[in-house]
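Throughout, a chain's letter reflects where its sequence line sits, starting with A, and its residues are numbered from 1. These numbers come from the heavy atoms of this one structure, side chains and all, not from hydrogens, waters or symmetry mates.
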Amino acid sequence: MPEGHTLHRLARLHQRRYGGAPVRVSSPQGKFATEASTVDGQVLVRAEAFGKHLFHHYEIGSVHIHLGLYGTFTEARLPALPPVGQVRMRLIGGTHWTDLRGPNRCELLMPDQVDAIKARLGPDPLRRDAKPDRAFERISTSRTSLAALLMDQSVLAGVGNVYRAEVLFRHGINPMLPGKSLDPVQWKEIWDDLVTLMRAGVRTGRIDTVADEHLPEVTGRAPRQDRHGGEVYVYRRTGQPCLVCGTPVAHQELAGRNLYWCPVCQPA
DNA sequence: GATCTATGTAGAT
DNA sequence: TCTACCTAGATCG
């Protein structure tokens with residue numbers, strides 16, 4: 001499910017499965033029916049991800065998809081089965097078909113609208129064209145907490161609640177510190193780490209952030225396997241012992257989102 | 001069966 | 001800072 005790695009993984013999959021050939025597009029649920037009929041039968045020129053946004057580019061326009069909290073794609077080999085549940089968009093290619101359920105956004109956009117979305121996003125660690133300095137300019141001049149800045153898609157695109165919590169833990173940085181307290185070296189380390197972690201996420205489809213020496217098979221603790229699918233240090237581990245120092249993991253709601261950190265490894 | 005929760009964002013207040 | 005929205009799986013009773 002959806003942080004940036006999920007969308008890049010989907011873009012890669014959709015490019016491979018459906019790119020360069022005509023596709024059938026429909027909206028069994030009906031909410032996307034008019035736009036679906038516009039692109040139905042057209043060639044899917046390219047699938048692309050930017051941050052948490054996915055684009056299906058056609059000659060005639062681009063389908064813009066944002067999964068929000070609950071959106072999902074399911075995929076299977078042909079033949080396509082009757083729709084189950086609320087299927088916003090169904091895409092049928094030469095060998096496979098995929099159903100989109102529960103997206104925050106699914107809309108047909110013109111090129112200037114696509115450009116506008118990209119323009120308001122910060123650098124995406126999963127894109128080769130990313131300029132991390134742009135994010136640091138925002139961060140290093142802000143009194144806002146690092147926790148909020150890392151989740152702000154206009155500062156940094158693609159990082160969500162799991163990567164935010166985990167990358168701050170991995171660098172021993174307290175989430176409540178103001179952006180301006182971060183020095184350029186720390187920022188470079190965080191950025192490079194996000195590139196590594198998120199690329200691994202694209203490959204595996206899960207978020208794993210725990211270093212080898214802290215893994216359950218090394219330390220003897222039980223593997224955890226949260227619903228997001230990977231081994232993590234602090235995300236959703238409230239009250240459980242920190243994997244490094246044993247202190248109970250802290251939790252607080254910040255701007256309507258759950259924030260997790262280790263009070264000892266990430267001192268204020 | 002009802003209720004809760006979630007890796008997100010936009011728009012109103 | 002709040003509320004609405006999109007859905008399905010987990011949890012409660």
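- When the P atom is compared between B:dG1 and C:dC6, the two are found 24 Å apart, to the nearest whole Å.
- Atom-to-atom, CZ of A:Arg257 to P of B:dT9 comes out at 7 Å; the value is rounded to the nearest Å.
- Between B:dT9, B:dT7, C:dT7, one nucleotide has an atom nearer to the side chain of A:Val162 than all others, and that is B:dT7.
- In this structure, CG of A:Asn104 is placed 11 Å from P of B:dG8, rounded to the nearest angstrom.
- When each of B:dG8, B:dT9, B:dA10 is scored by its nearest atom to the side-chain atoms of A:Gln153, the top-ranked nucleotide is B:dT9.
- Between A:Leu54 atom CG and C:dC6 atom P there is a gap of 20 Å when expressed in whole angstrom units.
- Nucleotide C:dT7 forms a Watson-Crick or G-U wobble pair with B:dA6, both donor-acceptor distances falling under 3.5 Å.
- Salt bridge annotation for A:Lys131-A:Asp133: absent, with no cationic side-chain nitrogen under 4.0 angstrom from a carboxylate oxygen.
- Residue A:Arg237 contributes atom CZ, which lies 16 Å from atom P of B:dA6 at whole-angstrom precision.
- Residue A:Arg120 is in sugar-phosphate contact alone, with no base atom involved, counting any heavy-atom pair closer than 4.0 Å across all strands shown.
- Listed nucleotides: B:dA10, C:dT7, B:dT7. Nearest to the side chain of A:Tyr70: C:dT7.
- Closest contact between the side chain of A:Arg88 and the listed nucleotides B:dT7, B:dT9, C:dT7 involves C:dT7.
- Rounded to a whole Å, the CZ atom of A:Arg236 is 10 Å from the P atom of B:dT5.
- Rounded to an integer number of Å, the gap from A:Gln29 CD to C:dC5 P is 15 Å.
- Rounded to an integer number of Å, the gap from CE of A:Met151 to C1' of B:dG8 is 8 Å.
- Among A:His14, A:Lys118, A:His8, A:Arg12, the one residue that satisfies the side-chain hydrogen bond (donor to acceptor under 3.5 Å, both in side chains) test with A:Glu48 is A:Lys118.
- Residue A:Lys52 has a polar side-chain atom (N or O) positioned under 4.0 Å from OP1 or OP2 of B:dT9.
- There is no side-chain donor-acceptor pair under 3.5 Å between A:His56 and A:Tyr18.
- Contact check for A:Thr247 versus A:Pro241: no side-chain heavy atoms found under the 4.5 Å cut-off.
- Distances shorter than 4.0 Å separate none of the side-chain N or O atoms of A:Arg105 from OP1 or OP2 on B:dT9.
- A:Glu75 and A:Thr98 form no side-chain donor-acceptor contact under 3.5 Å, judged by distance and modelled atom types alone.
- Side-chain nitrogen and oxygen atoms of A:Asn258 include at least one within less than 4.0 Å of the OP1 or OP2 phosphate oxygen of B:dA6.
- Only the P atoms considered, B:dT5 is 12 Å distant from C:dG13, to the nearest whole Å.
- The gap from the P atom of C:dC5 to that of B:dT13 amounts to 14 Å, rounded to the nearest Å.
- The distance between atom CG of A:Leu254 and atom P of B:dT9, rounded to the nearest whole Å, is 15 Å.
- No salt bridge links A:Asp99 with A:Arg88; every basic N to acidic carboxylate O contact stays at or beyond 4.0 Å.
- Figure legend. B:dA12 is base-paired to C:dT1; pairs are counted as Watson-Crick or G-U wobble with both atom distances under 3.5 Å.
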